[in-house]
**Student:** 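Input: one structure, supplied below.
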Amino acid sequence: MLRLRINGEDRELPEADPQTPLLWILRDHLAMTGTRYGCGKGLCGACTIHLDGNPIRACLTPAAAAEGKELTTIEGLGGAVASALRQAWTEQRVPQCGFCQGGQLMSAEHHLRTNPQATEQAQHGAMSGNLCRCGTYTRIDAAMKQAQTALNQEENS
Amino acid sequence: MSQPRNPRLVDRRTFLRQSLAGSLTLGFSLHGSHLLARATTDLDLDFQDEGAWSPDLFLSLASDGQLTIVSHRSEMGTGIGTALPMVLADEMEADWERVQIVQGDADRRYGSQNTDGSRSIRNFYHRMREAGALARTMLVTAAAERWQVAADSCHAEKHEVVHKPTGKRLAYGELAAVAATQAPPEADSLQLKPASARRYVGKDIPIRDMDAILHGRAQFGLDIRLPDMLVAVIARPPVLGGKPLEWQESAALKVSGVKQVVAMPTPSAPFMYQALGGIAVLAKDTWSAMRGREALACTWEDGEHAVFDSEKQQEELRANVAKPGRKVRRKGDAESLLKEDGEHLQANYEAPHLAHAPMETPCATARMTEDGVEVWMPTQAPQSAQQAIAGALNLTPQQVTVHVTLLGGGFGRKSKPDYGVEAALLAQETGKPVQVLWTREDDIRHGYYHAASAMSFAASLGEDGLPTAWRQRSAFTPIGFTFNPAARDGSDGELGLGFTDMPFDVPNLSVENGPSTPHVRIGWLRSVCNVFHAFGVSSFADELAAANEADPQEYLLRLIGEGRHLGIDELGAGYGNYGSPLDQYPVDTGRLADVLREVGKRGDWSRRRQELQGSSNPWRGLGIAAHRSFLGYVANIVEVEISSSGALKIPRVDVVADCGLLIHPDRVRAQMEGAVVFGTSLARSGAISAQEGRIVEGNFDTYRIARNMETPAQIHVHLVPSEAPPSGVGETGVPPFAPALCNAIFAATGKRIRRLPLQGQDLKPA
């Protein structure tokens, strides 16, 4: 039986095929719809979630690969970095339609958590797997910079 | 003003539960020439029965002061679901902190809900103000009655009515029940607030869905979950109008989780909003349905459109602008002059089909009810969906309930409700709730495509370097084909998108249209024909500037000439002006010239242009263009950098937009930024092509939309302050970008781009 740990909770999925991509486990089996379908081929990043804290594409990752590991989705994304990012996203008014933003935040959180001193160029690289058709890229840049500054100030104070 | 919180988006049921007896509700018919108002107490209405509830209600004020405003236009990222309620709340003198917003279902009593054509604000700004003023007036009257004082000694102030002489105050909630018993005042007796008293209009109120978006709680089309719901994916004919020949139903049914295989009805032209046909696989979850569809191994009879080949289509388009076309605007005698003086400059431009590719693919969920069908879908056009679904299921529109979810982008694709029809048909066929999901490949291969186009331009130049004669021809696959298979010519409406209304003051002008044969459903995509028309007109103008060795900005200003209003005498009776009257929204070349001048200042055009001139490896340059569309005026300066390998970078874009009165400046700014990115995608890599009637591209690897590093690193937007009537905003920013970009490439490298997209073209200097 498929057993997953998602956002700190243990979930048992007796009816799920363990080869099902995590995206559809989350959406169809668990009604956790914050993780989005955009392409099904790992090209757009809308389905980005964390596996043991690292970003993966839920549309390509079979559920079996996550057994015994910790999954985090946008619904469960917490901590200081996530909080700084949400604050910055709000102040920079990043979202337009909002569909891709969960995936953007999942990528951004991992990047800032693991590279607190990253350059803008490195941030661009880290975010280049997340498409936004509305065109919020420059605001994402600004929001990441703002969050980074806020986090570094917190660190130093 | 303190920072207002996000208003919550509540669902209709919550709204109905919260609506308390004794509250004021007002009904407005927003179509028709005058405001019809009706006041009633909620006691008259059974709120438990949604069917009995008259939904032509734009606001409801509960006795506790909670104000509920209906957003009847679709939210796809423009912020309209915040902006229109802001207008109403402002005029009503309501406290934004007490506002909740409900999304309206499809209902013709709201007036048009077609959230396309960049017209939500310009068509409903005034209506929403009237609605707010009406409620405010009734509340003031109610307070005056309660106090037994003259109404004109009272005024409304942030959710209260104040009696000036005594300083007495009554909260809106306390007045709701009394106000509800009044006869509403006549619309023309309403006094609107002066600009100086605006409370929310012109302010950057946080969008209503911000927190939900940032926590993964926002509800888009695919997030609807119904008990016993089946998920359907459909194998659609790869060629428009094709039919399934053979398919392995049993193989599909063998896939675990697959419950049913259903042959969809085969549509015939005109395709309109019909379901495209094919074979549906229904399963208990999406993954099973997808695998079931693979197992179908469907074969097809292709039909007449199997001849569709993009290269041949471009040849046809080119041929049709190489010869005289149907004259849609003329002035003087351009043809004779071009013959006598010679065509000093001649150029052709072309652009391929495009797909909308919103991040959220088309999807819809439907279930049969006792007396009809209930559908949830991310749609720009709820009433079109209602009608199309009613037609397909042989129901009346009243039997079709369409709930509008958030849209994960629209760009015009979600104006066409074919995917809702599919879900409804399958719900009817199976008797179960059905959710239809389009994969990305389905979206790219079965769209309503932006027209493929070709244009030709010719000009004779006088001694001052300005054209004495200008001829422009455009041919493109018309949208009309989707609704009439015989359509070949562009309509007046399509030609009025940046072609008939070309702004240059030329003494002899001929504007012509040639035919084209479509083989796919043609639809409107953000900015529609303005995209290629602006590319042609603004590129050719830049070519003339270069031929004169002139500064492109100065030359453009000379071409535009003295500020003037193009009248119907010049534009022809068929000129649509985006559905708005020319006296309110003139074609004002003065405003176009103004945004060009302003962008020159803001973008430091002269200095930077000189600085970049002659740069090499990387080759850098600036390009400029300005365009009027959707009644607004936008100018761009684009800076490019071309590396020795021919790679293109866009370090900076300057945008100046004159969109009249700004309701929500930050969302206007966001639309302008987004338009630049949308323009970047289509200019760099936007191309849908076909071989043997089949669309070649399929996902974001082959139909590429711009990633962060491919888009401009800096986008500076300046919005011109204005009290002119508000123009469209959502589409206005796209048209000038591609020509400004290509003009910049010319400035940098001397290479003139006459064909979009850039992908596959060598940008290195010769």
Side-chain angles (χ1 to χ4, degrees), chain A residues 15-17 19-21 23-25 27-29 31-41 43-44 46 73-77 82 85-87 89-90 93-103 105-106 120-121 123-125 127-141, chain B residues 75-79 204 206-207 209-220 222-223 225 231 256-257 284-288 290 357-361 406-411 437 439-440 666 670-671 673-678 680-681 699-701 705-709 711-715:
Chain A
E15 285 173 25
D17 174 350
Q19 289 311 305
T20 307
L23 173 65
W24 304 114
I25 295 287
R27 296 189 55 85
D28 290 349
H29 294 258
M32 296 174 68
T33 54
T35 306
R36 312 268 171 215
Y37 169 78
C39 70
K41 290 194 168 164
L43 298 166
C44 77
T73 70
I74 184 66
E75 292 96 333
L77 186 71
L85 283 167
R86 286 196 177 103
Q87 177 74 20
W89 245 245
T90 303
R93 305 164 189 278
V94 173
Q96 290 188 28
C97 84
F99 190 84
C100 73
Q101 297 297 339
L105 284 166
M106 296 305 292
E120 199 170 343
Q121 204 169 1
Q123 291 195 357
H124 248 178
M127 298 301 290
S128 65
N130 289 80
L131 289 174
C132 173
R133 184 64 157 155
C134 296
T136 63
Y137 296 128
T138 51
R139 298 223 188 181
I140 288 174
D141 290 346
Chain B
E75 181 58 86
M76 56 188 141
T78 63
D204 294 337
I207 58 167
D209 306 306
M210 181 68 84
D211 287 338
I213 286 169
L214 301 184
H215 291 86
R217 292 193 310 265
Q219 198 167 67
F220 294 93
L222 213 55
D223 302 340
R225 292 284 169 271
V231 178
S256 68
K284 62 177 181 48
D285 61 80
T286 313
W287 176 241
S288 305
M290 285 175 168
M359 289 309 299
E360 175 196 50
T361 55
L406 285 176
L407 284 68
F411 313 112
L437 165 114
T439 63
R440 179 58 60 191
D666 177 69
Q671 284 304 297
E673 293 163 2
V676 164
V677 176
F678 199 85
T680 302
S681 289
N699 208 317
F700 290 129
D701 47 354
I705 66 173
R707 292 187 183 276
N708 57 356
M709 288 187 279
T711 49
Q714 296 175 39
I715 306 172

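Naming convention: chains lettered A, B, ... in sequence-line order (proteins, then strands); numbering from 1 in each chain.
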**Student:** Would you compute the distance between atom CD of Gln101(A) and atom CG of Leu214(B) and round it to the nearest 0.5 angstrom?
**Tutor:**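 The CG atom of Leu214(B) is 7.5 Å from CD of Gln101(A), to the nearest 0.5 Å.
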
**Student:** Heavy-atom cut-off 4.5 Å, strictly under: side chain, backbone, both or neither for Glu360(B) against chain A?
**Tutor:** both

**Student:** Heavy atoms only: give me the nearest Cys39(A)-Phe700(B) pair and the separation to one decimal.
**Tutor:** CB-CD1, 3.8 Å

**Student:** I need the minimum non-hydrogen distance between Arg27(A) and Asp223(B), along with the two atoms involved.
**Tutor:** NH2-OD1, 2.7 Å

**Student:** Please look at Leu131(A) and chain B and tell me whether the side chain, the backbone, both or neither of the residue comes under 4.5 angstrom of a heavy atom of that chain.
**Tutor:**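 Its backbone and side chain both get close to chain B.
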
**Student:** Tell me, for Leu407(B) versus chain A, whether the close heavy atoms (under 4.5 Å) come from the side chain, the backbone, both or neither.
**Tutor:** backbone

**Student:** How far apart are the closest heavy atoms of Arg707(B) and Asn130(A), and which atoms are they?
**Tutor:**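 Smallest heavy-atom distance, with atoms named: NH1-N, 4.3 Å.
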
**Student:** For each of Asn699(B), Val677(B), Asp701(B), tally heavy-atom pairs with chain A at distances under 4.5 Å, and name the one with the top tally.
**Tutor:**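 Among the listed options, the one with the most contacts to chain A is Asn699(B).
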
**Student:** Which answer fits Thr711(B), side chain, backbone, both or neither, if we ask what part of it has an atom under 4.5 Å from a heavy atom of chain A?
**Tutor:**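 Just the side chain, heavy atoms under 4.5 Å.
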
**Student:** Heavy-atom distances under 4.5 Å only: say whether Met359(B) touches chain A with side chain, backbone, both or neither.
**Tutor:** both

**Student:** In terms of heavy-atom pairs under 4.5 Å with chain B, which of Pro21(A), Gly125(A), Gly76(A) leads?
**Tutor:** Pro21(A)

**Student:** Kindly compute the distance separating CG (Asn708(B)) from CE (Met127(A)), expressed to the nearest 0.5 Å.
**Tutor:** 7.5 Å

**Student:** Identify the two heavy atoms, one from Gln96(A) and one from Gln671(B), that lie closest to each other, and give their separation to 0.1 Å.
**Tutor:** OE1-NE2, 3.3 Å

**Student:** Do you know which two heavy atoms are closest between Met709(B) and Ser128(A), and how far apart they sit?
**Tutor:**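 Heavy atoms only, the tightest pair is CE-CB, 3.5 Å.
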
**Student:** Cation-pi between Arg36(A) and Phe220(B): NZ/CZ under 6.0 Å from ring centre and within 45° of the ring axis?
**Tutor:** no

**Student:** Taking side chain as everything from C-beta outward and backbone as N, CA, C, O, which of these in Thr286(B) sits under 4.5 Å from a heavy atom of chain A? Side chain, backbone, both or neither.
**Tutor:** both

**Student:** Which one of Pro712(B), Ser681(B), Gly408(B) has the most heavy-atom pairs closer than 4.5 Å to chain A?
**Tutor:** Gly408(B)

**Student:** Quick check for you: to the nearest 0.5 Å, what is the distance between Trp287(B) atom CH2 and Asp28(A) atom CG?
**Tutor:** 12.0 Å

**Student:** Among Ala357(B), Gly409(B), Ala675(B), Gly410(B), which residue has the highest count of heavy-atom pairs closer than 4.5 Å to chain A?
**Tutor:** Ala357(B)

**Student:** Counting only non-hydrogen atoms closer than 4.5 Å, does Phe99(A) touch chain B with its backbone (N, CA, C, O), its side chain (CB onward), both, or neither?
**Tutor:**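 Answer is both: backbone and side chain atoms of Phe99(A) are under 4.5 Å from chain B.
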
**Student:** For a quick test of reading the model, state the closest non-hydrogen atom pair linking Arg440(B) to Tyr37(A) and the distance between them.
**Tutor:**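 That closest heavy-atom pairing would be N-OH, 2.8 Å.
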
**Student:** Where on Gln19(A) is there a heavy atom nearer than 4.5 Å to chain B: the side chain, the backbone, both, or neither?
**Tutor:**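 For Gln19(A), backbone heavy atoms alone lie under 4.5 Å from chain B.
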
**Student:** Counting heavy-atom pairs closer than 4.5 Å to chain A, which one of Gly79(B), Ala706(B), Ser256(B) comes out on top?
**Tutor:** Ala706(B)

**Student:** So, taking the atom named CH2 in Trp24(A) and the one named CG in Leu437(B), what distance separates them when rounded to the nearest 0.5 Å?
**Tutor:** 5.0 Å

